[in-house]
Amino acid sequence: MTDSAPAGSTVRSTPGRPLVVLEGVDKHFGALHVLRDIDLTVHEGEVVVVIGPSGSGKSTLCRTINRLEPIDGGRITLDGEPLPAEGKDLARLRSDVGMVFQSFNLFAHKTVLENVTLGPVKVRKVPKAEAEQRARALLDRVGIGNQADKYPAQLSGGQQQRVAIARALAMQPKVMLFDEPTSALDPEMINEVLDVMTGLARDGMTMVVVTHEMGFARRAAHRVVFMDAGQVVEQATPEEFFTNPRSDRAKDFLSKIL
Ligand code: ADP
Ligand code: MG
């Protein structure tokens, strides 16, 4: 894969205060104990890459952070406040936590520009003209300013995913969650999406990224979190994790993917 940063350089800044804090989080699906006593702190400006085998609970972890999944035990706080269970506060939480999925989930019958302005206008009550101006700036930032009037189906997968990123950013979230954002893309489109994410990391966005793209992890992550069977097995800087994984489970996983 191509690195947009020069060889040897990384995009890391110094992370700030705790922004997303999970303490002793437990989650079951029926008999399946899918998250087991998860402790995880993501600091402001920090990029945390979550990796691990399929079925280890990575997507569920992301979904608990914006309360798409309720938890059975433990505590999650965002910027010092417990996650609200329902109502207006939950809508506000959702707009504070941007989420980008493997499937782009764009509104098919709305233009690219409308996809990006809808949330700010409806949820944040931003005046339409202002929302459009900001949306155009965001579309420029993700490199598709000239596609604003098209419909999602007229775009490539990589372009659609960049619209999804712009749409999440339009809500001015405190943290962005990415759940395998490049897994559904043809190989030649992966880097255009990773480059946008690397740019966000460089700009200091707080990010939790589930990905198999180890080049991105090496380049952009402050920390790699390795999950297996619903547990955080190991956390380390990318340098430490990739050169000297401590657990047998991480060694085994890395031997299969690297
Ligand atoms: P990952 O993203 O690491 O592949 P997931 O968080 O998607 O893992 O899934 C963890 C486990 O929970 C898997 O065994 C999966 O089958 C199960 N699971 C995920 N979502 C549900 C659900 N809504 N109902 C029941 N089981 C689920
Ligand atoms: Mg998943």
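In each ligand, atom 1 is the first atom listed, and ligand 1 is the first ligand listed.
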Original post:
Does a side-chain N-to-carboxylate-O contact under 4.0 Å join Glu132 and Lys128?
Top reply: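 Between Lys128 and Glu132 there is a salt bridge, with a charged N closer than 4.0 Å to a carboxylate O.
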Original post:
Is any NZ, NE, NH1 or NH2 atom of the basic residue among Arg124 and Asp96 found under 4.0 Å from an Asp or Glu carboxylate oxygen of the other?
Top reply: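 The answer is yes: the pair qualifies as a salt bridge.
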Original post:
What pairs of residues pass the side-chain hydrogen bond (donor to acceptor under 3.5 Å, both in side chains) test when at least one of them lies in residues 48-62, not counting sequence neighbours?
Top reply: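 For residues 48-62: Ser59-Asp179.
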Subject >> More than 12 heavy atoms from other groups under 6.0 Å of CD on Gln133 >> reply: no
Original post:
Got the residues with a heavy atom under 4.0 Å of ligand 1, by chain and number?
Top reply: Phe29, Leu32, Val34, Pro53, Ser54, Gly55, Ser56, Gly57, Lys58, Ser59, Thr60
Original post:
In the shown structure, where waters are left out, how many protein N, O or S atoms lie under 2.8 Å from the Mg ion (ligand 2)?
Top reply: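 Counting protein N, O and S atoms closer than 2.8 Å to the Mg ion (ligand 2) gives 1.
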Original post:
Cation over ring, Lys256 on Phe253, under 6.0 Å and within 45°?
Top reply: no
**OP:** Say whether Phe216 and Met205 are linked into one hydrophobic cluster, either directly or through other cluster members, by side-chain heavy-atom distances under 4.5 angstrom.
**Re:** yes
Subject >> ring-ring contact (aromatic ring centres under 6.0 Å, His included): pairs with one or both residues in residues 76-131, sequence neighbours excluded >> reply: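 Listed by first then second residue: nothing to list.
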**OP:** Drop me the distance from Glu213's CD to Ile257's CD1, to the nearest 0.5 angstrom.
**Re:**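 The distance works out to 10.0 Å.
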Original post:
Under 4.5 Å between any side-chain heavy atoms of Met227 and Leu35, yes or no?
Top reply: yes
